[in-house]
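We use all heavy atoms of the structure for the numbers below, so side chains are in, but hydrogens, waters and symmetry mates are not. For ligands, and for the atoms within them, numbers begin at 1 and follow the listed sequence. Keep in mind it's a predicted model, so treat the numbers as computed, not measured.
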Amino acid sequence: MEIGKGTKVFITGAASGIGRSTALAAAGLGARLFLTDINRDGLDRTAALVAGRPGEVCMARVMDISEEEQVRRFAEDIHAKYGPMDVVMNIAGIALFAQIEDMTHAQWKKVIDVNLWGPIHVLQSFVPAMIRADKAGHIVNVASVAGLMGAPWHAAYSASKAGLVGMSEALFFDLRPHGIGVTVVCPGGVDTPLQDTVAILGADKNSARFTELKKFFGRHAISPDAVASQIVKAVQRKKFLVITSADVRFGYFFKHHVPPLYRAIMFRIAGLLNSLKRADNGPSEK
Ligand SMILES: NC(=O)c1ccc[n+]([C@@H]2O[C@H](COP(=O)([O-])OP(=O)(O)OC[C@H]3O[C@@H](n4cnc5c(N)ncnc54)[C@H](O)[C@@H]3O)[C@@H](O)[C@H]2O)c1
């Protein structure tokens with residue numbers, strides 16, 4: 001479906017990074033936006049950036065997507081005033097890289113609550129009304145390369161994102177008869193604030209090797225605007241899987257077609273990450 005003048009687009013994670021870039025891209029096309037995030041200042045800033053573009057922000061609300069009642073209430077308020085959405089985008093997320101012995105239960109649970117339960121709350125609150133509307137629509141779920149490949153130190157993050165990939169594929173088949181398309185976006189590195197807010201547990205962050213590896217991954221990051229433009233195109237072309245960068249496409253290819261090479265690369269990455277391990281490992285707050 002086309003995102004154009006008057007298209008109603010709901011976006012989570014709109015205060016920052018990929019969510020903000022996608023909101024601005026949709027506003028550039030004349031969309032009517034329904035924005036949310038847990039970060040009030042960032043959400044206000046996005047709304048200010050939308051002003052002056054062809055689109056408009058119809059409603060913006062600060063909420064926590066891991067709280068089902070907050071999501072359901074926002075959906076009810078939107079539906080009462082504006083009716084069902086045309087496009088729903090789950091973009092909000094958090095990242096945690098750690099090995100199992102270095103994570104508390106609460107840390108692991110929070111990743112699943114935000115990255116998997118968050119999108120479930122959104123889809124349950126918005127999709128039934130889209131089905132009843134009986135017209136073309138689209139869902140976008142931003143997962144990650146970690147949803148396609150279980151990388152070392154990514155157990156919790158991969159669990160959340162692989163769940164989102166699996167759910168997206170099921171919905172792709174379920175929603176087709178209703179004219180609702182589904183896209184799952186699997187980015188590699190993207191140059192957003194997440195690169196700094198990611199919780200990395202059990203690593204010695206003062207070591208030169210840590211700084212070196214961070215710089216290496218930073219150099220391979222693409223811009224959030226580039227991801228936003230791939231998202232808009234995927235909606236228009238009804239594309240299911242969007243892998244945003246070439247390195248991830250290679251990894252995905254090797255995983256399926258050259259498994260021994262894929263495993264060798266992953267063991268090499270595991271070795272590099274394991275060399276960052278703090279001597280006094282065990283659960284910590286950050
Ligand atoms: N940046 C990357 O390298 C990268 C790579 C792969 C996947 N992703 C995914 O892309 C998505 C967007 O991330 P980004 O890179 O733009 O990061 P970001 O930190 O810039 O944006 C994420 C947004 O989600 C919001 N958020 C976090 N928890 C929330 C909650 N409980 N309720 C509501 N909002 C919440 C944050 O406030 C923030 O505005 C995430 O789902 C992330 O997992 C990012």
Side-chain angles (χ1 to χ4, degrees), residues 10-25 34-47 49 60-74 89-97 106-107 109-122 125 140-149 151 154 156-165 167-168 183-200 214 216-228 230-231 241-245 247-249 251-252:
F10 175 84
I11 302 178
T12 73
S16 175
I18 300 169
R20 172 180 286 165
S21 289
T22 308
L24 296 180
F34 302 81
L35 305 178
T36 182
D37 201 286
I38 203 166
N39 170 354
R40 180 179 302 280
D41 290 349
L43 198 57
D44 288 348
R45 175 85 188 119
T46 301
L49 290 168
R61 184 177 293 181
V62 175
M63 66 174 192
D64 180 344
I65 53 165
S66 68
E67 297 290 336
E68 191 269 339
E69 198 183 328
Q70 293 183 24
V71 179
R72 186 165 31 86
R73 287 235 172 102
F74 191 27
M89 300 196 187
N90 279 304
I91 303 185
I94 55 173
L96 167 77
F97 303 155
Q107 286 163 333
K109 188 170 182 303
K110 187 167 182 205
V111 175
I112 305 292
D113 282 347
V114 175
N115 290 358
L116 186 54
W117 275 110
I120 293 170
H121 296 154
V122 167
S125 300
V140 174
N141 293 326
V142 175
S144 164
V145 52
L148 301 173
M149 299 175 230
H154 282 59
Y157 190 64
S158 276
S160 68
K161 294 299 191 177
L164 188 54
V165 171
M167 180 167 67
S168 302
T183 294
V184 64
V185 184
C186 293
V190 186
D191 188 10
T192 69
L194 193 85
Q195 301 264 336
D196 294 315
T197 57
V198 52
I200 305 174
K214 219 173 164 213
F216 173 82
F217 286 114
R219 275 199 299 275
H220 286 77
I222 63 171
S223 76
D225 288 350
V227 178
Q230 293 192 47
I231 289 175
L241 177 62
V242 175
I243 297 179
T244 61
S245 40
D247 49 358
V248 180
R249 277 193 288 274
Y252 192 57

Heavy-atom check, side chain of F74 versus side chain of V71, under 4.5 Å: no
N115 side chain near L164 side chain, heavy-atom distance below 4.5 Å: no
Closest heavy-atom pair and its distance - V145, G188: CG1-CA, 4.0 Å
Neighbouring protein residues of ligand 1 - any heavy atom closer than 4.0 Å: G13, A15, S16, G17, I18, D37, I38, N39, M63, D64, I65, I91, A92, G93, I94, V114, V142, A143, S144, Y157, K161, P187, G188, G189, V190, T192, P193, L194, Q195
Minimum side-chain heavy-atom gap R45-R20 below 4.5 Å: yes
Partners passing side chain to side chain contact (heavy atoms under 4.5 Å, CB included) against A23 (at least two apart in sequence or in another chain): I11, L33, L35, T46
Contact check, side chains of S245 and H220, non-hydrogen atoms, under 4.5 Å: no
